[in-house]
K.L.:
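Take this structure first; my questions come after.
Per chain, numbering begins at 1; letters A, B, ... match sequence-line order. Basis for what follows: all heavy atoms, side chains included, without hydrogens, waters or symmetry-related copies.
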Protein chains: 2
Amino acid sequence: MFEPFTLKDIAKALGLSTSTVSRALRDTHEISAETKKIVLEYAQKINYKPNPNALSLKERRSKSIGVIVSEVANHYFSQAINGIESIAYDKGYHVIITQTHESYEREKINIQHLASRSVDGLLVSLSAETSDTSHLQSLHKRGLQMVFFDRVAEDIETHKITANNEKGAFEATEYLIRQGYKKIAHLTSSDHLSISIERLNGYKKALEQHGLPFNPHYLKYCPHGGMFYDEVENAVKELMNLSDRPDAVFVAGDRLSVGCLVVFKNLNIQVPKDMAITGFSNSDVLDLMHPPLTAVRQPAFEMGQIATDMLIRLIESRYPVYEFEKKVLDTSLLIR
Amino acid sequence: MFEPFTLKDIAKALGLSTSTVSRALRDTHEISAETKKIVLEYAQKINYKPNPNALSLKERRSKSIGVIVSEVANHYFSQAINGIESIAYDKGYHVIITQTHESYEREKINIQHLASRSVDGLLVSLSAETSDTSHLQSLHKRGLQMVFFDRVAEDIETHKITANNEKGAFEATEYLIRQGYKKIAHLTSSDHLSISIERLNGYKKALEQHGLPFNPHYLKYCPHGGMFYDEVENAVKELMNLSDRPDAVFVAGDRLSVGCLVVFKNLNIQVPKDMAITGFSNSDVLDLMHPPLTAVRQPAFEMGQIATDMLIRLIESRYPVYEFEKKVLDTSLLIR
DNA sequence: AACGTTGTCGGGAACGATTGCACAGATTTA
DNA sequence: TAAATCTGTGCAATCGTTCCCGACAACGTT
């Protein structure tokens, strides 16, 4: 069995009390310089580390934050996680990552797990299936701090950080229009996700501004965020079988963009001859793809950093916070 | 502040003692059915969850395992993590993921952090920079259970799980040979990594078996596992500047394979006209790449599952274990 | 000589949950 | 009827750490 050293071990070895050892290690003024030196040296020698569970129990906080994302294999999220870790480690916080795989049930379980005292706060990006946020509501009401990033819950009052989804979607759609496409479809995630709504708005606005009609048949949802291949394939097939078949598609997510290309390939749909495509994606191998994908890129790393900074400020605030920020960062259109 | 409910809260509300409440929740025989019912209903109502820190302190274990990988953005690792989580959750373990970004220093810090009592065991894949494993050795000697996967430490006696790297490398190299290439270079990670050594052996064996000489100038290492673009670019440039320039390259890793394609593209090296390429990769978008990459795929998900199962068996074993397994899983060659 | 200061240190309670033990009251047994 | 057994519950110790109280020297002051 793995038995780390405790204060008691040091105290016994040095013939002191645990309180003296504790104080020596915390560099209290009431311990003599000589004792401090002895204790510190011995602690160093055996590589003593305080038991974090005991500390958490005593301090009633764990110095760790929980992160809920749909998938770490998603480039947007893995970049955001890197941003999260960069800030959290700096401020002495541990990061616990959990994945929902876009499942509402999994999200509930993960959040319950994280909430039950082991984390001081939550960094949340909702799953595609989630429309009811009461599991988060109740925890938030009871005082668990949380900050939303990317996929935010409108009905929970706290800090939020998103990309400028509407503008990004507008630019991507406008790019397709400028390329000469007139029948532009929109493939997106589930309809209740904040990012879906905003991106749809940007898409509609671009159509409107360029005098193109919005065709409801051109709008396809994937309620599971493209987690299942069939879901994407069916959506694409429905688009292709329309009598007034679209000539381009604007895709609203990282996983969907890749999934869409795979479906096109499998269905032998030539891009961009049969169908042009542009979409949201943070993949770093976009220009290696065939066909290359013109994409809207979100500042994922920065979003992770900002969200973490906001959360830690909430956690460490000595007074309750009633003013909440909603920060919106610009996307960039990578043209290929 | 977020103050979860405790046994004391329930006891006070119901006019019982904490011990009675505790026993009622654990369904001990010595509590009357009536009391149990009252306690259970109330606990359910307020959604009581025992404080995991208090439990860890008492039980002297945390029911959580730490995972050390280089990057979650790497498809091999993200798939392995999914395998790890699938088993761990089933058995009631929490998973804490940390990234080294191929840095030895970061690896040491992460492992120290995880080890200091908060995890019951470690699932380790070494960073590219790591050659000295004494930071793991000392913890292992003191009884912290660990299982290595993919990048293993030869000098630590415990369970290990790897892909059949030698065979995979052999097949990939042989594939290039069968395609008619005769001057095959090898781009790999740092020289001390177990996977590098094994893959190099497979590469050499394939050359030998087909009567091709091994040219040391065709062998290029990336000590940081391709974390820096320059590292890969320099290696590739050196290969291209050789008087007897290679006509193909076998790449030994996921990140390197992608990195190599990016460099080729930036240097305007046509694939496979100027240079053929095949390598280890678990990316799910391989056949969307331009050029498509014939790749050796590792059973990442299964490796994660098996490693986790091994680790949990070690953790929960009532007797010390002295017999250790080294499990080797076959790779598959995806030809494109 | 009696008192207050100051500098060092130890004792013990607390954090939340579990559990061996004690004990009251009810029931059964000798 | 008294003793033994059984039920249901509470007390207190424990895990490792911190921190409030004191204890007790060795001083300096009056």
K.L.:
Calculate the interatomic distance between B:Glu3 atom CD and C:dG16 atom C1'; express it in whole Å.
P.N.:
12 Å
K.L.:
Tell me: CZ of A:Arg26 to P of C:dC9, nearest whole Å?
P.N.:
18 Å
K.L.:
Does a nitrogen or oxygen in the side chain of A:Lys8 sit under 4.0 Å from OP1 or OP2 of D:dT17?
P.N.:
no
K.L.:
Classify B:Leu7 by what it touches in the nucleic acid, base, sugar-phosphate, or nothing, heavy-atom distance under 4.0 Å.
P.N.:
base
K.L.:
Rounded to whole angstroms, how far apart are NZ on B:Lys63 and P on D:dC15?
P.N.:
22 Å
K.L.:
What's the CG-P distance between A:Asp27 and C:dC9, to the nearest Å?
P.N.:
13 Å
K.L.:
Tell me whether the OP1 or OP2 atom of C:dT19 has a side-chain N or O from B:Lys58 closer than 4.0 Å.
P.N.:
no
K.L.:
Taking A:Thr6's backbone N and O only, do any of them form a donor-acceptor pair with A:Asp9's side chain (distance below 3.5 Å, no angle check)?
P.N.:
yes
K.L.:
Atom CG of A:Asn53 and atom C1' of C:dG16: how far apart are they, to the nearest Å?
P.N.:
12 Å
K.L.:
Nearest to the side chain of A:Ser19, which nucleotide is it out of C:dC9, C:dA17, D:dC19?
P.N.:
D:dC19
K.L.:
Nearest of D:dG16, C:dA17, D:dT18 to any side-chain atom of A:Thr18?
P.N.:
D:dT18
K.L.:
Could you walk me through whether A:Asp27 and A:Lys36 satisfy the salt bridge (charged side-chain N to carboxylate O under 4.0 Å, His left out) test, starting with their C-alpha distance in whole Å, then the side-chain angles of each, then the deciding distance to 0.1 Å, before giving a yes or no?
P.N.:
CA-CA 7 Å; A:Asp27 206 21; A:Lys36 272 184 194 169; 3.0 Å; yes
K.L.:
For D:dG16, does either OP1 or OP2 sit under 4.0 Å from a side-chain N or O belonging to A:Tyr48?
P.N.:
no
K.L.:
With heavy atoms under 4.0 Å as the rule, sort A:Arg23 into base, sugar-phosphate or nothing.
P.N.:
base
K.L.:
What's A:Thr6 touching, base or sugar-phosphate or nothing? Going by heavy atoms closer than 4.0 Å.
P.N.:
sugar-phosphate
K.L.:
Which nucleotide sits closest to the side chain of B:Ser17: C:dT19, C:dA17, D:dG10?
P.N.:
D:dG10
K.L.:
Respond yes when some side-chain nitrogen or oxygen of B:Ser32 is under 4.0 Å from OP1 or OP2 of D:dT9, and no when none is.
P.N.:
yes
K.L.:
Does C:dG16 have OP1 or OP2 sitting under 4.0 Å from an N or O in the side chain of A:Arg60?
P.N.:
yes
K.L.:
Nearest to the A:Ile31 side chain among C:dC9, D:dT17, C:dA17, which nucleotide is it?
P.N.:
C:dC9
K.L.:
Which one, D:dT9, D:dC15, C:dC15, comes nearest to the side chain of B:Glu30?
P.N.:
D:dT9
K.L.:
What is the distance, to the nearest angstrom, from the CZ atom on B:Arg61 to the C1' atom on D:dT14?
P.N.:
17 Å
K.L.:
Could you go step by step and tell me if B:Glu102 and B:Arg151 meet the salt bridge (charged side-chain N to carboxylate O under 4.0 Å, His left out) rule?
P.N.:
CA-CA 12 Å; B:Glu102 306 287 16; B:Arg151 299 133 167 240; 3.1 Å; yes
K.L.:
Does the pair B:Gln99 and B:Ile68 meet the rule for a side chain to side chain contact (heavy atoms under 4.5 Å, CB included), with working shown?
P.N.:
CA-CA 6 Å; B:Gln99 309 184 73; B:Ile68 294 116; over 6 Å; no
K.L.:
Rounding to a whole Å, what distance do you find between B:Lys49:NZ and C:dA17:C1'?
P.N.:
16 Å
K.L.:
If the test is salt bridge (Lys or Arg N to Asp or Glu O under 4.0 Å), which one of A:Arg60, A:Arg61, A:Arg142 qualifies with B:Glu3?
P.N.:
A:Arg60
K.L.:
Determine, stepwise, if the pair A:Glu30 / A:Arg23 fulfils salt bridge (charged side-chain N to carboxylate O under 4.0 Å, His left out).
P.N.:
CA-CA 8 Å; A:Glu30 49 186 348; A:Arg23 272 183 281 246; 3.7 Å; yes
K.L.:
In whole Å, I'd like the distance from the CG atom of A:Leu25 to the P atom of D:dT18.
P.N.:
8 Å
K.L.:
Looking only at the side chain of B:Thr35 (C-beta and beyond, no hydrogens), which of the listed nucleotides C:dC9, D:dT9, D:dT18 gets closest?
P.N.:
D:dT9
